[in-house]
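Working notes for the structure below.
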Amino acid sequence: MAERVRSVKGMRDLLPPETAIWAAVEDVARRIFASYGYGEVRTPILEDTELFVRGVGEATDIVGKEMYTFTDRKGRSLTLRPESTAPVARAFVQHGLADQGLPVKLYYVGPQFRYERPQRGRYRQFNQIGAELIGDPGPASDAELLLMLVRFLEALDYTGLTVLLNTVGDDESRARYREALVAFLEPHREVLGEDSRRRLETNPLRILDTKSPAERELLADAPRLEGHLTAQSRTHFEAVGQALEVCGVRFRVEPRLVRGLDYYSRTVFEIVAEGLGAQDAIVGGGRYDGLIGDLGGADVPAIGFAIGEDRLLAALPESFRRAHAPVAPVHLVAAGDVEPSQLLELAERLRAEGLDLVTELGGRSVKAALKRADKSGSRWVLLAGEDELAAGELSLRDLDAGEQVRLGPDAAIAKIKGQS
RNA sequence: GUGAGUGUAGCUCAAUUGGUAGAGCGCUUGGUUGUGGUCCAAGUCGUUGGGGGUUCAAGUCCCCUCACUCACCCCA
């Protein structure tokens with residue numbers, strides 16, 4: 001036997017019936033996001049590498065070592081998108097969406113690619129459902145975006161999620177704090193690990209979310225970002241929290257929460273779920289007030305989030321799964337000497353009347369066909385035998401009740417629709 | 001990129017100190033020439049991930065390699 005070709009490492013197939021659940025989750029997202037005035041954007045999977053270098057940041061791990069980058073036939077450097085905020089921002093600038101009036105509200109659903117070692121909840125191709133609110137600097141926008149996110153998760157029957165909230169301040173706050181943090185850490189260089197020492201130069205704030213016990217101990221006495229916020233940043237953050245409280249959204253302020261993408265500013269957040277192992281963040285997001293300017297657009301503030309759809313599905317409540325399991329269609333079975341073409345024609349007429357059905361054309365026994373119908377979870381079987389067809393009728397078998405009646409096609413459809 | 005664990009049938013797993021590769025589920029057929037679930041019977045299913053080595057003999061021991069899993073890291 002020839003060697004089997006397998007899917008690429010870290011990339012997986014999604015098969016029925018699981019794909020039906022994915023579709024159901026995405027339907028909920030579309031419905032809820034639409035109810036907040038968001039429209040769908042679809043950007044290319046491939047972008048100019050420069051977009052991510054400038055947008056996500058050269059010093060980030062994503063850009064530094066996790067991108068699928070290659071040169072095309074003309075020598076251009078292209079990259080499989082590792083995230084979608086930068087592409088959406090690029091599209092916003094490229095198409096002059098600001099001229100339609102701000103804010104612009106967009107959402108997307110689709111695959112992202114990062115070259116990492118796969119493990120639970122982490123794939124090299126993974127799907128994100130994200131939303132971006134572009135063009136409103138106010139805290140009420142932060143709160144509304146979070147509200148929409150929470151409502152979405154509630155609609156999936158999620159409970160027991162923790163919303164972690166923090167602010168990384170505006171540029172000025174961050175510059176001040178950065179200086180203070182480096183000044184504090186510099187004398188303790190020897191306590192820091194290799195990564196943290198490198199970050200002391202490139203991105204000191206990232207050191208805050210270290211898991212190293214020694215570093216954590218050291219950081220306990222470190223200056224707080226909170227103490228270095230500009231009055232404006234502080235007011236903004238307080239207003240976000242207040243709005244969430246008014247709307248009944250529970251959250252926890254997590255001062256150590258900083259995010260790995262350079263474009264974040266002011267409000268940042270994360271939602272973690274239980275039972276997911278080490279990769280438990282199902283949502284991450286925050287403000288990116290400077291990104292659109294960095295990409296050559298006007299100075300337009302924005303905020304957004306990205307949901308890890310694979311993780312979302314991995315932790316999806318059973319109740320939602322049950323409610324959205326696909327319904328097995330009716331089976332139409334030929335019995336006796338019935339021409340396949342005759343059965344096809346009959347099936348088409350029934351489908352035209354709004355019946356979902358699968359045909360048993362295999363030329364196998366009625367017994368086998370019924371077995372398949374039963375295993376599929378279907379309740380109804382329509383038997384089209386010589387006798388029935390001659391009389392212009394069908395036998396409708398109710399597999400649950402074990403009952404069978406002969407009746408005309410319209411009556412059969414009515415009975416199925418009335419009882420399923 | 002680093003570390004650890006695991007690879008046996010489509011799936012879940014057995015196989016004693018190295019000694020004939022198995023079970024359940026699934027799938028196909030029959031018991032019912034046009035009737036499912038339960039039951040009974042038969043059939044189908046393997047280069048034991050791959051390569052090399054040790055041995056009379058390797059699923060089992062050793063080396064290499066690949067894949068998967070988990071953790072670090074990273075992040076969704």
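Chain letters run A, B, ... following the sequence lines, proteins first, then strands; residues in each count from 1. Only heavy atoms go into these numbers, but all of them, side chains included; no hydrogens, no water, no symmetry mates.
When the C1' atom is used for both B:rU60 and B:rU55, the distance is 13 Å, rounded to whole Å. Spacing of C1' atoms, B:rG36 relative to B:rU48, comes out at 37 Å, to the nearest Å. Here the separation of B:rU17 from B:rA58, taken at their C1' atoms, is 14 Å to the nearest Å.
Pair assignment for B:rG34 gives none, since no Watson-Crick or G-U wobble pairing has each distance under 3.5 Å. Nucleotide B:rU55 forms no Watson-Crick or G-U wobble pair with any nucleotide shown, as no partner meets the under 3.5 Å limit on both distances. Pair check for B:rC70 finds B:rG3; Watson-Crick or G-U wobble, both atom distances under 3.5 Å. B:rU17: no Watson-Crick or G-U partner with both key distances under 3.5 Å is found in any strand. Look at B:rG43: its Watson-Crick or wobble partner, with both distances under 3.5 angstrom, is B:rC27. Pairing for B:rU8 is absent, with no Watson-Crick or G-U wobble pair whose two atom distances lie under 3.5 Å.
Below the 3.5 angstrom threshold, one finds no donor paired with an acceptor across the side chain of A:Lys367 and the base of B:rG30.
Nucleic acid contact for A:Ala373: none, since no nucleic acid atom lies under 4.0 Å from a heavy atom of the residue. Using a 4.0 Å heavy-atom criterion, one finds that A:Gly284 contacts the sugar-phosphate atoms exclusively. As judged by a 4.0 angstrom heavy-atom cut-off over every strand, A:Gln279 is placed among the base-contacting residues. Using a 4.0 Å heavy-atom criterion, one finds that A:Lys371 contacts the sugar-phosphate atoms exclusively. Across all strands, A:Glu309 comes closer than 4.0 Å to no nucleic acid atom at all (heavy-atom distances). Residue A:Arg12 is out of contact with every strand shown, counting any heavy-atom pair closer than 4.0 Å. No contact: A:Gly285 has no heavy atom under 4.0 Å from any strand. A:Leu383 comes within 4.0 angstrom of a nucleotide base, judged by non-hydrogen atoms across all strands. Nucleic acid contact for A:Gly130: none, since no nucleic acid atom lies under 4.0 Å from a heavy atom of the residue. At a threshold of 4.0 angstrom between heavy atoms, the contacts of A:Leu399 include nucleobase atoms, whether or not backbone atoms are also involved. Residue A:Asp387 is in base contact, counting any heavy-atom pair closer than 4.0 Å across all strands shown.
One atom, CZ of A:Arg216, and another, C1' of B:rC72, lie 14 Å apart when rounded to the nearest Å. Here the C1' atom of nucleotide B:rC75 and the CD atom of A:Gln112 are 12 Å apart, to the nearest Å. Taking atom CD of residue A:Glu116 and atom C1' of nucleotide B:rC72, one finds them 12 Å apart after rounding to whole Å. Rounded to an integer number of Å, the gap from A:Leu396 CG to B:rG34 C1' is 16 Å. To the nearest angstrom, P of B:rC74 lies 13 Å from CZ of A:Arg311. Taking atom NZ of A:Lys65 as the reference point, atom C1' of B:rC72 lies 11 Å away to the nearest angstrom. Look at CD1 on A:Ile207: it is 15 Å from C1' on B:rC73, rounded to the nearest Å.
Closest contact between the side chain of A:Lys9 and the listed nucleotides B:rG1, B:rC74, B:rA67 involves B:rA67. Relative to the side chain of A:Glu388, the nucleotides B:rC73, B:rC72, B:rG34 differ in distance, and B:rG34 lies closest. Here the side chain of A:Ala278 is nearest to one of B:rG34, B:rA71, B:rG36, namely B:rA71. Picking from B:rC74, B:rG36, B:rG34 the nucleotide with the shortest atom distance to the side chain of A:Glu386 gives B:rG34. Between B:rG34, B:rG36, B:rA71, one nucleotide has an atom nearer to the side chain of A:Asp374 than all others, and that is B:rG36. Of the candidate nucleotides B:rG34, B:rC72, B:rC75, B:rC75 has the atom lying nearest to any side-chain atom of A:Leu261. Nearest to the side chain of A:Lys375, among B:rG26, B:rU35, B:rC73, sits B:rG26.
Using a 4.5 Å heavy-atom threshold, the side chains of A:Leu149 and A:Ile307 count as touching. A:Glu215 is listed as a side-chain neighbour of A:Leu192, based on a closest heavy-atom distance under 4.5 Å.
Toward the 5' end of RNA chain B, the nearer of the two residues A:Tyr115 and A:Asp398, judged by each one's closest nucleotide, is A:Tyr115. Positionally, the nearest nucleotide of RNA chain B for A:Arg117 lies more toward the 5' end than for the other of A:Arg117 and A:Arg397.
For the pair A:Lys211 and B:rC73, the criterion of a side-chain N or O lying under 4.0 Å from OP1 or OP2 is met. The shortest distance between the side-chain N/O atoms of A:Arg199 and the OP1/OP2 oxygens of B:rC74 is below 4.0 Å. Contact annotation: A:Gln119 side-chain N/O to B:rA71 OP1/OP2 distance is under 4.0 Å.
You'll find the ring centres of A:Tyr107 and A:Phe33 inside the 6.0 Å limit.
Of all non-hydrogen atoms in A:Ala89 and A:Ile292, the two that sit nearest each other are CB-CG1, 4.0 Å. The two atoms that bring A:Ile282 and A:Ala273 nearest to each other are CG2-CB, 4.0 Å, heavy atoms only. Scanning both residues, A:Thr43 and A:Val41, for their nearest heavy atoms gives CG2-CG2, 3.9 Å.
Applying the 6.0 Å contact sphere to CZ of A:Arg250 captures no more than 12 heavy atoms from other residues, nucleotides or ligands. Dense packing is recorded around CZ of A:Arg321, with more than 12 heavy atoms of other residues, nucleotides or ligands lying under 6.0 Å away.
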